[in-house]
Amino acid sequence: MNVVLSTGLQQDARTGGPEIAIYAPHGRDAQVAERLFAEQGIGSSIARDLDSLLALMTTDLGAVLLTEETLDNYNVESLHKALAGQPAWSDLPFIVLAIGSERSRSDTARKRIDALGNVVLLTRPMHAEELLRAVQSALKARRRQFEARDRLEELLMREKQLRESEAKFHTIANSVDQMIWSTLPDGFHDYYNDRWYEYTGVPEGSTDGEAWNGMFHPEDQDRAWSVWRHSLATGEPYEIEYRLRHRSGEYRWVLGRAKAVRDDTGEIIRWYGSCKDIHNDIMAREAAVHDLTRQRDQAWNLSLDLMAVTSRSGSMELLNQSWNSLLGWDVEDLRGRRFARLVHPDDLPTAKSAFRHVMSTPVSNPVEFRLKHNDGSYRWFAWTASGHENRIFATGRDVTERREKDAALATAQEALRQSQKLDMIGQLTGGVAHDFNNLLAAIRSSLELARRRLSSESDAARYLNNAVAAADRGAGLTQRMLAFARKQELHFDSVEVQRLLPDLKDLLQRSLGPQIDLIFDIPEDLPTVLVDTNQLEMAILNLSVNSRDAMDGSGRLSFSAREFSDAGGSDMAAGKYVVISVADTGCGMDAETLERAFEPFFTTKGVGKGTGLGLSMVHGLAAQSGGAFRMESVAGKGTTAHLYLPVGDGEPDSVEIEGGSHGQSREPRGERLLTILTVDDDLLVSMGTVGMLEDMGHEVLEASSGDQALDIFAERPDFDLVITDQAMPKMTGVELAKALRVRRQNLPIILATGYADLPEGAGGEVSAKLDKPFSESSLRAALASVTETANSAI
């Protein structure tokens, strides 16, 4: 090979790679080319003969360099045959070193060269650089063939794996009991497994695309299609229960599920889904639901509580039978009506407030309000409720009886508290009245003594008379206080209310004035009651005057009476009563005023228009008579007073003991001078009493205590009588009387007390009672009474 070497040829920096097969058996061309390639880092192998060349062509050969004369070999056909057997990706490059120009080449020689296929023809002699470029170009083209080979092999491997995967998928899909299907990203169904066709009995391919929806039950088609479109739009998993047409023609329940498969970018490339027959499960579930529904309906209608399901707006949709048994309503008549229409108007704000947020916050703490009964009455119910799916589920428990008991208990407790308060006030009032009477006794006796020592025509006498009148008014006031304290002396009579009240009409009309209309509604068959007649008349008059003042002198005043039986409470014993009611059309009282109405000295009238003891006296009379006094009033609508008096069952007994003065003056038939022992721990009272007795001419000795009185009596037992106070320290008047009776059985003893009634145990020990403050005439009458009794006993 005639090659001209040039020092200017740049060497290839590439090392390694496909080799060049050199087939130049004649001369030194092969060695020269090998050395040239080696200098450029191009690997090469020399083939000594055609068989060696064919052997090299089985490897990853880069190109073949051969001389034209080698193609004259009779075995060159085996080379063409080897080239024809190349893989599809292979087109082995040939570089042929030609002998002469193309014109000098025969047709046979040209055909042999063209038969090589991928040929580069170089004419000798040639430059080394030209040869290297031809070789490098051939190797570069050969490398691209190798890359194509690798890609083709990879593609073939992937196709093989895909075929194997598809075969495996089909094998698995067709072996499971579920129906498997697949769609394109847009939801186009293009695959169903054998189980689908077996289950549905439809021909293969008949449900591709959107035809699958026609297999669903008509009632489920729109719902299933809507859910499927939602999954396609959002990529969310698809899951739904629907009825699918079976090959038998019936529809069976199946569970359909599908999930999207995404590529590396997140784009959906396919949907894979399944259908599972759950018909038996659904039937079992529906049977269980039906059974639970039946049990619920039984519990629903057997419940003693009200149960209701309403819409969010409160329209009643479902009610149990308790609405009929508890409230008398026909359940069907209530359906569609608003729940609020049955709520008591006063309780409507409570009900609305409780149910306002029931959809988010259940009513767990029972809320109580009233519902209307079919008869127009109302009953109390304690309600709990919760909201779910725009429905309100509510339960109401009848608490009417409990509330009535609670109300009765509260009323009894309030009455007990009121009674205890009034008892406490009564005790205080009684004590004050006693002390006040002692003061009045000292004042009145002193005034009496002073008045007797002055001329009746003097100015001082007039002043003293005025003072005595004021003391008498004070005594009257203490009597009212004692009436409230239940310490007044009562004379019980059998009174016919149906006779007494009409008899008072003229007196009431004159006392109240012509502008007050009096209305009497008194039955004729009322039983008699035990009461002090005078005190009852005074109580009726007090109530009437109060009513007149509440009506500003003009209005209607109604009197009524009726029989009443009470089982017993905090203010009355069990038994039969007659209740007298006095109702006016006046201004009424609010709850706070009504609560204090019985308290002594409490009044709503102006200064100087009332003592505040009228109602207190009525209350005291009722309590001391064994009855009760109650009032009801509404501001702006009037007041009704109820006086309960026990029915009488025999002749009444008076609490006044024989010989009692009752504060009345009796003129003695004759007077004699007496020796009298007075006992009182109050020096002022004692001074007044002694002064009046001495003015009468009697001999008087004083003692300031029970012990001192006994000592005096021991020294001088000839006293004609003893006058003693009751409330004294260490020894009371009654106790002193007992001690004196031991010493002298028939000794006359007068008990002077600020209370209106005799203390316990006084009846057998005391000869007479003298109420403080007492006048000289009352004192004379008491002395005459006990001395007459003593003389008659002798």
Side-chain angles (χ1 to χ4, degrees), residues 219 222-223 226 285-411 413-414 590-591 632 634-637:
E219 294 177 1
D222 291 342
R223 179 171 59 91
S226 175
R285 186 172 71 190
E286 289 183 352
V289 170
H290 177 74
D291 185 58
L292 288 174
T293 301
R294 180 180 57 80
Q295 296 178 29
R296 182 212 64 186
D297 290 343
Q298 289 180 345
W300 174 270
N301 288 316
L302 290 176
S303 173
L304 299 179
D305 297 334
L306 296 184
M307 293 186 177
V309 179
T310 75
S311 66
R312 190 165 188 170
S313 62
S315 175
M316 293 185 284
E317 298 178 353
L318 188 61
L319 306 170
N320 68 341
Q321 290 302 316
S322 290
W323 288 81
N324 179 267
S325 59
L326 294 179
L327 291 174
W329 294 103
D330 187 298
V331 172
E332 294 301 323
D333 291 343
L334 290 180
R335 285 200 177 101
R337 292 181 62 178
R338 297 292 298 275
F339 181 85
R341 293 185 178 274
L342 297 181
V343 179
H344 193 287
D346 294 344
D347 301 339
L348 200 55
T350 300
K352 288 184 176 180
S353 176
F355 284 85
R356 182 172 293 116
H357 303 294
V358 68
M359 299 306 298
S360 58
T361 305
V363 180
S364 54
N365 293 325
V367 177
E368 297 183 3
F369 51 84
R370 289 163 288 182
L371 287 189
K372 188 175 184 179
H373 193 281
N374 193 29
D375 62 7
S377 63
Y378 286 88
R379 295 188 67 83
W380 283 95
F381 291 87
W383 289 93
T384 55
S386 63
H388 181 67
E389 294 182 351
N390 286 326
R391 293 291 182 274
I392 299 174
F393 301 84
T395 301
R397 175 154 297 179
D398 191 337
V399 294
T400 305
E401 184 176 352
R402 190 260 292 164
R403 287 189 68 102
E404 289 175 349
K405 289 181 179 179
D406 290 347
L409 178 60
T411 301
Q413 289 175 338
E414 179 59 28
D590 57 25
E632 54 189 42
V634 178
K637 295 185 178 180

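- Rounded to the nearest 0.5 angstrom, R356 CZ and T361 OG1 are separated by 12.5 Å.
- Applying the ring pair (Phe, Tyr, Trp, His ring centres under 6.0 Å) criterion to H344, with sequence neighbours excluded, gives Y378.
- Remark: R403 CZ to L409 CG distance equals 13.5 Å, nearest 0.5 Å.
- Between L371 and the choices D398, D347, L342, the side-chain contact (heavy atoms from CB on, under 4.5 Å) rule is met once, by L342.
- Between the side chains of S311 and S313, a donor-acceptor pair is found at a separation under 3.5 Å.
- With hydrogens and angles ignored, the 3.5 Å screen pairs a side-chain donor or acceptor of T400 with a backbone N or O of W380.
- Note that the CZ atom of R337 and the OG atom of S315 stand 11.0 Å from one another [nearest 0.5 Å].
- For D222, the CG atom sits in a loose shell: 12 or fewer heavy atoms of surrounding residues, nucleotides or ligands are nearer than 6.0 Å.
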Give the intermediate values and the outcome of side-chain contact (heavy atoms from CB on, under 4.5 Å) for residues I392 and M359. CA-CA 7 Å; I392 299 174; M359 299 306 298; 4.0 Å; yes
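- For the pair W323 and M316, the tightest heavy-atom approach, listed with the atom from each and the gap, is CH2-SD, 4.2 Å.
- With hydrogens and angles disregarded, a donor-acceptor distance shorter than 3.5 Å links the side chain of S322 to the backbone of D305.
- Around the CZ atom of R312, the shell of radius 6.0 Å holds no more than 12 heavy atoms that belong to other residues, nucleotides or ligands.
- The local environment of CZ in R341 is sparse, with at most 12 non-hydrogen atoms from other residues, nucleotides or ligands closer than 6.0 Å.
- Among residues two or more places apart in sequence or in another chain, the side-chain contact (heavy atoms from CB on, under 4.5 Å) test is passed with E401 by K405.
- No more than 12 heavy atoms of other residues, nucleotides or ligands sit less than 6.0 Å from atom CG of N365.
- Between L327 atom CG and N374 atom CG the span is 9.0 Å, to the nearest 0.5 Å.
- Heavy-atom neighbours of L304 CG from other residues, nucleotides or ligands within 6.0 Å: at or below the threshold of 12.
- Each of N320, L319, L318 was checked for a side-chain contact (heavy atoms from CB on, under 4.5 Å) with V331, and the lone residue meeting it is L319.
- Residues D346 and R370 are in side-chain contact: their nearest non-hydrogen atoms beyond the backbone lie under 4.5 Å apart.
- Ring-plane geometry between F369 and W383 is classed as parallel, the angle between the planes falling under 30 degrees on a 0 to 90 degree scale with a further cut at 60.
- For R397, the CZ atom is loosely surrounded, since the number of other residues' heavy atoms within 6.0 Å does not exceed 12.
- Taking CZ of R379 as the start and CD of E404 as the end, the distance is 7.0 Å to the nearest 0.5 Å.
- We find the CZ-CD distance between R335 and E317 to be 10.0 Å, quoted to the nearest 0.5 Å.
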Assess the residue pair L326 and F381 against the criterion (side-chain contact (heavy atoms from CB on, under 4.5 Å)); give the C-alpha distance rounded to whole Å, side-chain angles, the decisive distance to 0.1 Å, and a yes or no. CA-CA 10 Å; L326 294 179; F381 291 87; 3.9 Å; yes
